[in-house]
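These notes concern the structure reproduced below.
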Amino acid sequence: MATLPASRRADLFPDARAEDRFSTSATVDERTMLLDFLRAQRATLELKCVGLADELARRAVEPSTLSLLGLVRHLADVERGWFRRTLAGQDAPPRFSSETAPDQDFDGAAPDPALVTEAWRAWHEEVAFAEEFVAGAPHLDISGVNPWRGPVSLRWVLIHMIEEYARHNGHADLLRERIDGAIGI
């Protein structure tokens, strides 16, 4: 869905350009659809990354921001930021980055396998929290405040996460192509 042209996406979300688009609540049907899209994007990413850690360990690939470690760590922090910090209001600092070094340690295409395992575990924990939080949300107009966007609704967070995963699914494809030697370093 996130790769659709803007005009097609505007048909799915008619108020996508409205002033209150970040704080608009979702309907029951729309929330179900958005959750299904997000789960599909997460599952797709996991499937695309199967075996990547082993392949990286066997092949010499120059460090890159497209590294598996960076990709998974970024998504763990993004999940944590929107669901724990913004929507649930928890005091939960990012795990793998900081205000002064937002991309800290995201590079390194062939990192220690233990770091990759740690990143996957962190990502799974954040996804589990997000799923539990959304399932337990007592109403559809749940919202939070983010310093970047201001007031944001659960609806907007789900749309944003779908787009984030679509982008990172593309990164996973590029990383595999680099490992396979299909494109240059």
Side-chain angles (χ1 to χ4, degrees), residues 1-53 66 68-90 92 94-96 116 119-146 148-177:
M1 182 206 73
T3 57
L4 290 174
S7 59
R8 293 279 304 283
R9 287 178 51 216
D11 292 339
L12 288 171
F13 306 109
D15 63 344
R17 293 187 182 89
E19 286 298 315
D20 63 349
R21 64 190 182 280
F22 299 120
S23 55
T24 303
S25 301
T27 64
V28 175
D29 290 341
E30 186 182 45
R31 184 167 79 160
T32 300
M33 179 189 72
L34 291 173
L35 281 169
D36 286 345
F37 268 125
L38 180 53
R39 288 177 184 135
Q41 293 283 38
R42 288 172 177 151
T44 300
L45 177 81
E46 196 150 28
L47 284 172
K48 287 183 176 183
C49 290
V50 168
L52 271 181
L66 293 178
L68 176 62
L69 179 64
L71 185 155
V72 180
R73 282 185 166 185
H74 175 74
L75 288 173
D77 270 355
V78 167
E79 291 270 3
R80 187 177 183 84
W82 289 111
F83 289 99
R84 286 188 195 261
R85 300 176 73 187
T86 300
L87 293 179
Q90 291 189 359
R95 291 180 184 234
F96 302 114
V116 177
W120 278 114
R121 186 181 301 115
W123 176 72
H124 280 288
E125 288 175 8
E126 298 309 324
V127 168
F129 179 88
E131 289 286 305
E132 183 179 340
F133 176 80
V134 174
H139 44 68
L140 292 170
D141 60 352
I142 188 166
S143 62
V145 177
N146 176 264
W148 173 45
R149 286 295 189 193
V152 294
S153 66
L154 172 62
R155 173 187 185 271
W156 182 82
V157 169
L158 293 175
I159 293 171
H160 174 79
M161 292 302 302
I162 289 166
E163 294 177 339
E164 192 76 2
Y165 273 95
R167 187 164 61 92
H168 281 75
N169 276 312
H171 286 184
D173 290 335
L174 285 173
L175 179 58
R176 189 172 290 283
E177 288 179 16

Side-chain touch [X]/[Y], heavy atoms, less than 4.5 angstrom:
{"X": "Trp123", "Y": "Glu46", "result": "yes"}
{"X": "Arg39", "Y": "Glu131", "result": "yes"}
{"X": "Leu34", "Y": "Leu38", "result": "no"}
{"X": "Gln90", "Y": "Phe129", "result": "yes"}
{"X": "Thr44", "Y": "Tyr165", "result": "no"}
{"X": "Phe37", "Y": "Leu158", "result": "no"}
{"X": "Leu175", "Y": "Leu68", "result": "yes"}
{"X": "Ser25", "Y": "Arg31", "result": "no"}

Find the distance between [atom1] ([X]) and [atom2] ([Y]) and round it off to the nearest 0.5 Å.
{"X": "Leu35", "Y": "Ile162", "atom1": "CG", "atom2": "CD1", "result": "8.0 Å"}
{"X": "Trp156", "Y": "Met161", "atom1": "CH2", "atom2": "CE", "result": "10.0 Å"}
{"X": "His74", "Y": "Glu79", "atom1": "NE2", "atom2": "CD", "result": "10.5 Å"}
{"X": "Trp82", "Y": "His160", "atom1": "CH2", "atom2": "NE2", "result": "5.5 Å"}

Does atom CD of Glu132 have more than 12 heavy-atom neighbours, drawn from other residues, nucleotides or ligands, at distances under 6.0 Å?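 Check fails, neighbour count at 12 or below.
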[X] versus [Y], closest heavy-atom pair with distance:
{"X": "Phe83", "Y": "Leu154", "value": "CE2-CD1, 4.3 Å"}
{"X": "Glu164", "Y": "Leu75", "value": "CG-CD2, 3.9 Å"}
{"X": "Leu45", "Y": "Ala172", "value": "CD1-CB, 4.3 Å"}
{"X": "Leu87", "Y": "Ser143", "value": "CD2-C, 4.0 Å"}
{"X": "Arg42", "Y": "Ala130", "value": "NH2-CB, 3.8 Å"}
{"X": "Ala119", "Y": "Val72", "value": "O-CG1, 3.5 Å"}

Please answer whether the main-chain N or O of Pro94 pairs with a side-chain N or O of Arg80 as donor and acceptor at a distance below 3.5 Å.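 Looks like no, no N/O pair under 3.5 Å.
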When you measure from the side chain of Arg84 to the backbone N and O of Glu126, does any donor-acceptor pair fall under 3.5 Å?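 No; zero donor-acceptor contacts below 3.5 Å.
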